[in-house]
Amino acid sequence: MFTALSRIIKYGFLGFWRNGWLSTATIVVMILALLVFEGLIIANVVTQTALNSLQDKIDISVYFKGEASEDEILKIKSSLEAMTEVKKADYISKDKALEIFRSRHKEDETISAALEELSENPLAASLNIKAYDPQNYQAINTYLEQDIYKSSIEKISYAKNATVINRLIKIIDTFKNLGFLSTIIFASIAVLITFNTIRLAIYSNREEIGIMRLVGASNFFVRGPYIVEGLIYGIISGLLSFLFIVPFVYYTSHYVEIFIPEMNLWNYIVSNSIILPGYQIIFGISLGIISSSIAIRRYLHI
Amino acid sequence: MITFQNVSKIYKINHHTSNALEDVSFTINAKEFVSIVGKSGAGKSTIIELLTGEEKPDKGKVTIGSYEVNKVKSSKLPYLRRHLGVIFQDFRLLPNKTAFENVAFTLEVAGRPQAEIKEFVPQALEMVGLSNKMYNFPRELSGGEKQRVAIARAMINHPDVLIADEPTGNLDPVNTAEIIKILLKINELGTTIILATHNKDIVNELKKRVIILEDGKIIGDEERGKYSLT
């Protein structure tokens, strides 16, 4: 078994080397396919970050009446936090609200002066609520509109923002679906092109496969070297395609950051510098091995 | 011993059927040298393909030693083929392997140790007069040289039977004579030889058993036969 395996590996490497042009052409096609694959990963990360940052900007605020006590508000806060839909609920007390208001308008002397004139804090205490999914705001809003809370709640910002929230939900959903669809389409194209290239490479070897069978080679021995070749294609194209994408990301990272400040593409590549080429290589190897195994099957009947 | 018992083979091409072999029966004993002759399309190649298991008969039974060829599963065919040596008109060498590697391949697939390969392959290539071209690729060899590599490859396993399908079809008279000489020598060493050919001169000079085929039927089987087709 060990002898057979070492011979198969030897012939895999020999075949790869001696079919130089065919190997190069196959690798070039696989690199292109893997670049598409990598492009899809990066595009998904960018879109996801953009959508998350957009989603993060959506929230609703509940303003409480002056007579509502802090205890009451904190009780509502904890009951909200107990809901599965709620990501977090931040309590902003009257004093805190004033502080924020002051610091936001510290440049504006008229407002500062006006505040000094007032004897008491005119701002309401509030809860700022963020949901896991923007679609949950409707449910949270309904929860807060219950009769028991009516006495303490002044207003809920949802009503005012409902249209914008709903529109954002639609936009986010559309982008997610589009991303998913385009990932499937482009990944399928890449897989089919690679499969076809490997199939052609094996087609050009079909006579050799027949000869090997005629001189007594078992299917395992015939198939083995082609699978080793597929493995080599996968490793080389996986590594090279990652190396090609590095300078591209280095130069475009800055531009992406202008549009999506939360997204530092370069840092993403650097912090994933093992996982990403790892994915590429695994994807390349599986593509190479599966394509070779399928393509060779029909020539093993002799 | 090789036997064909009432073997028929029909090919279907585009709704047309053609009888490649019709009720063919014969026996070939160990160490015999048998020529199978006939015009193109007479059924010579079909007999070879039935022997190597590339094709299965529609009727009848083909046996080689203890193997009933038509019942051998595709996955077990390699083991049968390791008892056979086959040479073809178009040589069928592996183009990306050197002469040495082509011959060694037969031993490698049979799982023979490296030391044996290093010892036997040069010997086999020397026997066919190619020790100086061991590391050449087939594209660097002449037709006669390629066929000699093919013979070395077929013989390296010490097969019980050597099957030669028009081995001289692509060769000039000098190389043809050389190849036949090598086949005779192999036969003297105890290997059964089955030679399919339509070369009249070879058959007449051999003075060995001849099976004559016409339109898929045996029309003659003579112990010291001649090529008697018109």
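Order of the sequence lines fixes the chain letters, A, B, ..., with proteins taken first and strands second; residue numbering starts at 1 for each chain.
Pairing each heavy atom of A:Ser218 with each of B:Pro78, the nearest pair is CA-CG, 3.7 Å.
Between the CZ atom in A:Arg213 and the CD atom in B:Glu54 there is a gap of 10.0 Å [rounded to 0.5 Å].
A donor-acceptor pair is defined here as one N or O able to donate and one able to accept, closer than 3.5 Å; such a pair exists between the side chain of B:Arg82 and the backbone of A:Gly216.
In this structure, the portion of B:Ile117 lying under 4.5 Å from any heavy atom of chain A is its side chain and not its backbone. For B:Leu80, no part lies under 4.5 angstrom from a heavy atom of chain A. Residue B:Glu49: no heavy atom, backbone or side chain, is found under 4.5 Å from chain A. Both the backbone and the side chain of A:Ala217 come within less than 4.5 Å of a heavy atom in chain B. Proximity to chain A is limited to the backbone of B:Pro113, based on heavy atoms less than 4.5 angstrom apart.
Ranking B:Glu55, B:Lys76, B:Arg153, B:Glu108 against chain A, the residue ahead of the rest is B:Glu108, based on heavy-atom pairs under 4.5 Å.
Counting heavy-atom neighbours within 6.0 Å of A:Ile258 CD1, excluding the residue itself, gives a total above 12. Within 6.0 Å of atom NZ in B:Lys56, more than 12 heavy atoms from other residues, nucleotides or ligands are found, so the atom counts as buried in its surroundings. Surrounding CZ of A:Phe195 are more than 12 heavy atoms belonging to other residues, nucleotides or ligands, all under 6.0 Å away. The local environment of OH in A:Tyr203 is sparse, with at most 12 non-hydrogen atoms from other residues, nucleotides or ligands closer than 6.0 Å. Shown here is A:Phe186, whose CZ atom has no more than 12 heavy atoms of other residues, nucleotides or ligands within 6.0 Å. Other residues, nucleotides and ligands contribute only 12 or fewer heavy atoms inside 6.0 Å of the OH atom of A:Tyr279. Residue A:Phe248 qualifies as open at atom CZ: its count of foreign heavy atoms under 6.0 Å is 12 or below. Within 6.0 Å of atom CD in A:Glu207, 12 or fewer heavy atoms from other residues, nucleotides or ligands are found, so the atom counts as exposed in its surroundings.
Contacts between residues 5-36 of chain A and chain B, defined by a heavy-atom separation under 4.5 Å, are made by A:Arg7, A:Lys10, A:Tyr11, A:Leu14, A:Arg18, A:Asn19.
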Between B:Phe88 and A:Leu214, is a side-chain contact (heavy atoms from CB on, under 4.5 Å) present by the stated rule, with each step listed?
-> CA-CA 11 Å; B:Phe88 303 92; A:Leu214 278 177; 3.4 Å; yes
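Applying the side chain to side chain contact (heavy atoms under 4.5 Å, CB included) rule to A:Glu208 yields the partners A:Asn205, A:Met212, A:Tyr226, B:Leu94, B:Pro95, B:Asn96; only residues at least two apart in sequence or on another chain are considered.
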